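All remarks here apply to the structure that follows.
Note that the structure is a prediction, hence the values are computed from the model and not measured.
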Amino acid sequence: MKAIEIDHNEGRARSGRLLTGHGEVDTPVFMPVGTQGVVKAMSHRQLTELGVKMILANAYHLYLRPGDEMIKRMGGLHKFAGWDGGLLTDSGGYQIFSLGVLREIKEDGVLFQSHIDGSRHFLTPEKMVRVQENIGADVAMCLDECAPYPSTFEYTRDSVELTTRWAKRCLEAKTDGPQKLFGIIQGGFYPELRIRSAHDILALDFDGFAIGGLSVGEPKSLMWDMVDTVIDLMPADKPRYMMGIGLPEDLLEGVKRGIDMFDCIIPTRFARNGSLFTWDGRINIKNARFTEDKGPIDEGCSCPTCRTYSRAYLRHLVVSHELTSFYLNTVHNVHFYMELMRKVRDAVKNGTFGSFYHDFKSRYEGGESDDRCSVCNG
RNA sequence: GGAGAGGUUCCCGAGCGGCCAAAGGGGGCAGACUGUAAAUCUGUUGGCGAAGCCUUCGGUGGUUCGAUCCCACCCCUCUCCA
């Protein structure tokens, strides 16, 4: 069964529908990250009301706690968590990167030391496919190695080859079922290796393909060079997923290049850390200049937070370490991302993505976001 | 009235002759965050400046080459006893 239907194209940009076991998801889509089976500070109901159709969870984290077998006995993560929407799980490949000191990469898999209790676990491609099947994700990801930046050519080459061998094993380990499995193109920041990885991974019969190993500390221009290097090699009739990206401007850049799916911790973590998105740029609600700002985070925003609360009050909640600030700020940032993607999809459908892209960027990057302050305080 | 303890940079609190513009918290200010070990992390927090200089550890005197640190007196807190 196909994983995506593409309805419109504008240049490389495209819009359509991702077909999951839990409904169709309009693309390009942004998936908020819910590592532990929950988008931090959110309820599923709130997510749904904000228009979130698909979230990402993490197989490595859920395997450690509460355990994938336990989740399976509870009827799968959808039932266990009460989430009815799309669910994609990352395999733990990113944790190979982010939990570097606690692991050892071998041919067969990765030896991990739990960050929770120090216990040792050997994670293989086959095992992580099984874990994701137990979790019941609509889309599972292959176990891959996300190499750090910078890495030598030799290291990256070996890493790419390992990722390819693992990808084959993942495919073989997959059982029949509705779950879709995506392969991941790696290759660090060597175009030659990106092309080789694309060639090898795209030759395998995955339901969709991801570009991984990006935004690991490299200059932004290098990241887009890598996307440009492989994007035209990717089949048009399968989903293209840019893993772990990104900032609002990154989403536009990705869509422009033909990406269908994104995920990132940015809207949620930034919200918890006081960074809030507006159409005129990002603000840090902790800044002193918002102390008596009676306006909403963003004048044009229709989210529940902006409809009710002032910047001054939201700042007070953050400064006072009130838990509700996590919720209110996350609602706003997730809403911003959902609105952004909705506008992006509409623009692609209408053939106006090009102008939307420029209008957004000039306002978002050029606008002085606290113009409003003088009005509020004046 | 008697006996103790103490007054340190925005706050709490170390320091007890030079390495002290003064540890460590807190608070303040700013920044970071890209398949979440993140309710996290980093920088900064007397003044002017490049080195450096100036003002600062309750007050006033003193000892000393040199005092936040030692001595004398004074002011103010707190505890206990009358």
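- Across the P atoms, B:rG6 and B:rA22 are found 25 Å apart, a figure rounded to whole Å.
- Comparing B:rG35, B:rC33, B:rU34 by their nearest atom to the side chain of A:Arg282 picks out B:rC33.
- The separation of B:rC19 from B:rG59, taken at their C1' atoms, amounts to 29 Å, rounded to a whole angstrom.
- In this structure, CD1 of A:Ile283 is placed 12 Å from P of B:rA30, rounded to the nearest angstrom.
- Between the CZ atom of A:Phe270 and the C1' atom of B:rU36 there is a distance of 12 Å, given to the nearest Å.
- In this structure B:rG27 sits in a base pair with B:rU45, meeting the Watson-Crick or G-U test at under 3.5 Å.
- With B:rC29, B:rU34, B:rU36 as the choices, the nucleotide that has an atom nearest any side-chain atom of A:Gln95 turns out to be B:rU36.
- With rounding to whole Å, A:Leu276 atom CG is found 13 Å from B:rG31 atom P.
- Put simply, CG on A:Asn333 is 14 Å from C1' on B:rU34, counting in whole angstrom units.
- If you take CD1 of A:Ile259 and C1' of B:rU34, they are 14 Å apart, rounded to a whole angstrom.
- Between the side chains of A:Ser159 and A:Gln186, no donor-acceptor pair of N or O atoms lies under 3.5 Å.
- Within the nucleic acid shown, A:Ser275 comes within 4.0 Å of at least one base atom, counting heavy atoms only.
- In this structure, A:Phe277 has its ring center closer than 6.0 angstrom to the ring center of A:Tyr337.
- In this entry the distance linking CE of A:Met42 with P of B:rU36 reads 18 Å, nearest Å.
- Taking the C1' atoms as reference points, B:rC78 lies 24 Å from B:rA72, given to the whole Å.
- The partner of B:rU40, taking Watson-Crick or G-U wobble pairs whose two distances both stay under 3.5 Å, is B:rA32.
- A:Asn58 comes within contact range of the sugar-phosphate backbone alone, with a heavy-atom separation under 4.0 Å but no base atom that close.
- With a cut-off of 3.5 Å on both Watson-Crick or G-U wobble distances, the partner of B:rC57 is given as none.
- Closest to the A:Asp90 side chain, of the nucleotides B:rU36, B:rC29, B:rU34, is B:rU36.
- Side-chain contact check for A:Asn333 and A:Thr330: no donor-acceptor pair (N or O, by modelled atom type) lies under 3.5 Å.
- Nearest to the side-chain atoms of A:Ser98 among the listed nucleotides B:rU34, B:rG35, B:rA37 stands B:rA37.
- For A:Val101 and A:Asn284, each mapped to the nucleotide of RNA chain B holding its nearest heavy atom, the one lying further toward the 5' end belongs to A:Asn284.
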Protein N or O to nucleotides 38-41 of chain B N or O, pairs below 3.5 Å:
{"from": "B:rA38", "atom 1": "O2'", "to": "A:Arg272", "atom 2": "NH1", "distance (Å)": "3.2"}
{"from": "B:rA38", "atom 1": "N7", "to": "A:Arg269", "atom 2": "NH1", "distance (Å)": "3.4"}
{"from": "B:rA38", "atom 1": "N7", "to": "A:Arg269", "atom 2": "NH2", "distance (Å)": "2.5"}
{"from": "B:rA38", "atom 1": "N6", "to": "A:Arg269", "atom 2": "NH1", "distance (Å)": "3.4"}
{"from": "B:rA39", "atom 1": "OP2", "to": "A:Arg272", "atom 2": "NH1", "distance (Å)": "2.5"}
{"from": "B:rU40", "atom 1": "O4", "to": "A:Asn273", "atom 2": "OD1", "distance (Å)": "3.0"}

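- Pair assignment for B:rU9: none, as no Watson-Crick or G-U wobble contacts are both less than 3.5 Å.
- Between the CG atom of A:Asn287 and the C1' atom of B:rC29 there is a distance of 9 Å, given to the nearest Å.
- One atom, CG of A:Leu62, and another, P of B:rG35, lie 16 Å apart when rounded to the nearest Å.
- Judged by distance alone, the side chains of A:Thr229 and A:Arg194 never bring a donor and an acceptor atom under 3.5 Å apart.
- Within the cation-pi definition used here (under 6.0 Å to the ring centroid, within 45° of the axis), A:Lys343 qualifies as a partner of A:Trp279.
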For a quick test of your reading: what N or O donor-acceptor pairs under 3.5 Å do the side chains of residues 205-220 of chain A make, sequence neighbours left out?
{"from": "A:Asp207", "atom 1": "OD2", "to": "A:Leu181", "atom 2": "N", "distance (Å)": "2.8"}
{"from": "A:Glu218", "atom 1": "OE1", "to": "A:Ser215", "atom 2": "N", "distance (Å)": "3.3"}
{"from": "A:Glu218", "atom 1": "OE1", "to": "A:Val216", "atom 2": "N", "distance (Å)": "2.7"}
{"from": "A:Glu218", "atom 1": "OE2", "to": "A:Ser215", "atom 2": "N", "distance (Å)": "2.5"}
{"from": "A:Lys220", "atom 1": "NZ", "to": "A:Asp250", "atom 2": "OD1", "distance (Å)": "2.8"}
{"from": "A:Lys220", "atom 1": "NZ", "to": "A:Asp250", "atom 2": "OD2", "distance (Å)": "3.3"}

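- Annotation for A:Arg17: atom CZ counts as buried by contact number, over 12 foreign heavy atoms lying within 6.0 Å.
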